[in-house]
There are 2 protein chains.
Amino acid sequence: MLGAIIALVNSFYRGERMNPSGENAKEKILSAATKIAQAHGYGGLNLRNLAGDVGIKAASLYYHFPSKADLAAAVARRYWEDAAALLQALKEESRDPLECLRKYPVETFRKSLETDNRMCLASFMTAEYDDLPEIVKKEVQTFADVNVEWLSKALQAAKIATPRDSKRRARAIFAAIVGAQLMARGRSDIALFDALIDAYRASGLLPA
Amino acid sequence: MLGAIIALVNSFYRGERMNPSGENAKEKILSAATKIAQAHGYGGLNLRNLAGDVGIKAASLYYHFPSKADLAAAVARRYWEDAAALLQALKEESRDPLECLRKYPVETFRKSLETDNRMCLASFMTAEYDDLPEIVKKEVQTFADVNVEWLSKALQAAKIATPRDSKRRARAIFAAIVGAQLMARGRSDIALFDALIDAYRASGLLPA
DNA sequence: ACCTGAACACCGTTCAAGT
DNA sequence: ACCTGAACACCGTTCAAGT
């Protein structure tokens with residue numbers, strides 16, 4: 001009989017009306033966590049602070065995600081999915097593959113720096129390699145794969161590289177831009193990022 | 001009279017004989033901390049683990065360094081001082097500036113990867129920019145300055161860049177190599193580092 | 001001079017309990 | 001369904017006390 005009452009009470013608290021704000025909590029957690037991780041990395045992602053940003057207690061995070069590792073993996077996955085969508089849109093908006101390639105550094109890596117000197121979440125977590133749970137590592141690597149793949153195709157389309165060497169070239173471009181973002185962050189200096197990209201163009205690494 | 005006794009006891013414990021191992025503790029702390037920071041960064045530098053590596057208790061670290069910030073600053077300072085010495089030696093050993101430039105990526109950044117997939121301490125800490133104490137930030141930036149300065153001079157000596165644009169070129173090379181090391185670490189794949197450096201050469205960023 | 005144990009406020013995580 | 005307080009072992013740091 002006591003069990004029946006508890007079941008009744010529980011059923012009352014079930015359903016959509018428990019979440020009056022239209023936005024769901026999981027979304028809010030993911031987007032808040034992304035911002036924190038871009039500035040402080042996986043190790044610096046503090047669950048009490050994150051919960052505070054969302055407006056709940058740290059313990060409540062464990063209702064939505066079984067562990068910090070799973071939360072971070074979800075964040076990293078969402079991150080490369082968004083990047084893939086953005087790159088797809090960039091390709092469709094551009095008139096030709098060359099314009100596409102010229103926009104790439106600013107539309108992706110420069111944007112993070114513009115927002116509070118943040119950096120690419122995947123780059124930060126790559127540095128934290130030794131401390132990353134396996135599921136997080138996997139998603140972080142996928143981010144690099146997505147970028148390299150996209151660059152590789154763009155280079156081929158622009159006839160800058162042959163199918164044979166477009167991948168190596170794409171990797172080189174990606175790595176160099178990652179490094180440029182890191183240096184610029186270290187001085188909180190977006191102009192330095194721009195100067196580095198210009199230098200890559202002048203040297204021939206990036207198409208002018 | 002009690003004070004006199006204490007002073008006497010203290011004097012007994014003073015002097016070199018308290019440190020039977022020839023090596024001094026401060027040195028051991030610095031080198032152990034360097035290794036940890038290259039793998040886990042500033043945030044991941046755990047004082048209890050560090051103390052354990054050295055063979056003392058965490059509280060004892062505070063006898064040698066007033067805070068974690070000061071310890072990390074000393075580590076970072078030592079790091080760029082050692083790098084400066086290594087670069088100086090590299091220059092003296094090389095027959096010409098071009099050979100010097102060709103050795104640069106392997107003698108510096110590749111070496112870290114060879115040792116347990118570690119990375120440049122300064123690169124890691126640059127990612128941690130937002131969480132870095134000011135004194136640490138300063139030393140980390142000096143590491144980049146030292147490298148860029150050295151590269152800049154080497155580029156001029158090799159007549160690859162004019163005094164006018166050697167600095168921008170040096171910065172671009174440094175940033176690109178930093179990025180290459182990060183990517184290679186993210187796959188624990190030294191061959192990837194080598195491939196990236198080769199691609200930089202093929203594109204014209206690095207002298208062939 | 002050099003080291004330590006015990007204590008502080010903090011971290012990720014768990015869990016029983018609340019609505 | 002969703003959230004919480006209290007507890008756990010851990011972190012950086014302090015300090016009085018030891019040799």
Side-chain angles (χ1 to χ4, degrees), chain A residues 2-3 5-29 33 36-37 40-73 75 128 131-133 136, chain B residues 2-3 5-29 33 36-37 40-73 75 128 131-133 136:
Chain A
L2 186 64
I5 293 170
I6 292 172
L8 209 71
V9 171
N10 280 349
S11 79
F12 173 77
Y13 284 107
R14 220 164 289 162
E16 291 307 302
R17 85 199 99 88
M18 271 316 281
N19 187 15
S21 74
E23 250 207 321
N24 95 21
K26 212 155 179 167
E27 284 308 313
K28 280 162 77 176
I29 293 168
I36 296 174
H40 308 282
Y42 177 78
L45 177 58
N46 176 319
L47 297 195
R48 273 179 244 260
N49 289 350
L50 169 59
D53 287 356
V54 176
I56 56 177
K57 299 292 169 184
S60 308
L61 293 171
Y62 286 80
Y63 173 74
H64 301 281
F65 301 95
S67 70
K68 183 180 176 178
D70 289 277
L71 166 57
V75 166
E128 294 175 294
D131 301 312
L132 241 39
V136 181
Chain B
L2 187 64
I5 293 168
I6 292 173
L8 210 69
V9 171
N10 281 347
S11 79
F12 172 77
Y13 284 107
R14 219 163 291 164
E16 291 307 302
R17 87 200 96 90
M18 273 314 283
N19 186 14
S21 75
E23 249 207 321
N24 95 20
K26 211 156 180 165
E27 284 308 311
K28 280 162 75 177
I29 293 168
I36 296 174
H40 308 282
Y42 177 78
L45 178 58
N46 178 319
L47 298 194
R48 272 179 245 259
N49 289 350
L50 169 60
D53 287 356
V54 177
I56 56 177
K57 298 293 168 185
S60 308
L61 293 171
Y62 287 80
Y63 173 75
H64 300 281
F65 300 94
S67 70
K68 183 180 175 179
D70 289 278
L71 165 57
V75 166
E128 295 175 293
D131 301 313
L132 242 41
V136 181

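In what follows, chains are A, B, ... by sequence order, proteins preceding strands, each numbered from 1.
Spacing between atom CD1 of Ile29(B) and atom C1' of dG12(D) amounts to 15 Å, rounded to whole angstrom units. The distance between atom CG of Asp70(A) and atom P of dG12(C), rounded to the nearest whole Å, is 15 Å. In this structure, the CZ atom of Phe65(A) is 16 Å from the C1' atom of dG12(C), given to the nearest Å. At whole-Å resolution of the value, CG in Asp131(A) and C1' in dG12(C) are 14 Å apart. Rounded to whole angstrom, the span from the CG atom of Leu61(A) across to the C1' atom of dT13(C) amounts to 11 Å. The interatomic distance linking Glu27(B) (CD) with dC2(C) (P) rounds to 13 Å, in whole Å. dA9(C) atom C1' lies 16 Å from atom NZ of Lys68(B), rounded to whole Å. To the nearest angstrom, C1' of dT14(D) lies 17 Å from CG of Leu71(B).
Shortest non-hydrogen contact noted between Ala73(A) and Val136(A) is N-CG2, 3.8 Å. The two residues Ala58(B) and Ala51(B) come nearest to each other via the heavy atoms N-CB, 3.4 Å. Annotation for Ala33(A) and Leu45(A): closest pair O-CD1, 4.0 Å, computed over non-hydrogen atoms.
Using a distance-only test at 3.5 Å, with no hydrogens or angles considered, no donor-acceptor pair links the side chain of Glu128(B) to the main chain of Gly41(B).
Residue whose closest nucleotide on DNA chain C sits further toward the 5' end, between Pro66(A) and Asn46(A): Asn46(A). Along DNA chain D, the nucleotide nearest Tyr63(A) and the nucleotide nearest Ser60(A) are compared for position; the residue whose nucleotide lies closer to the 5' end is Tyr63(A).
Proximity of residues 48-59 of chain B to DNA chain C (heavy atom under 4.0 angstrom from any strand atom) is restricted to Ile56(B), Lys57(B), Ala59(B).
Expressed to the nearest 0.5 Å, how far OH of Tyr42(A) lies from CG of Asp131(A) amounts to 9.0 Å. Between atom CD1 of residue Ile56(A) and atom NE2 of residue His64(A) there is a gap of 5.0 Å, rounded to the nearest 0.5 Å. In this structure, the separation between CG on Leu61(A) and CG on Asp70(A) is 12.5 Å, given to the nearest 0.5 Å.
Under 4.0 angstrom from either OP1 or OP2 of dC3(D) there lies at least one side-chain N or O belonging to His64(A). Taking side-chain N and O atoms only, Tyr62(A) has a distance below 4.0 Å to OP1 or OP2 of dT13(C).
Under the side chain to side chain contact (heavy atoms under 4.5 Å, CB included) criterion, Phe65(A) pairs with Lys26(A), Ile29(A), Leu30(A), Leu71(A), Ala74(A), not counting sequence neighbours.
For DNA chain D, runs of at least 3 consecutive pairs of the Watson-Crick or G-U wobble type, with both hydrogen-bonding distances under 3.5 angstrom, map to C:4-8 with D:12-16, C:12-16 with D:4-8.
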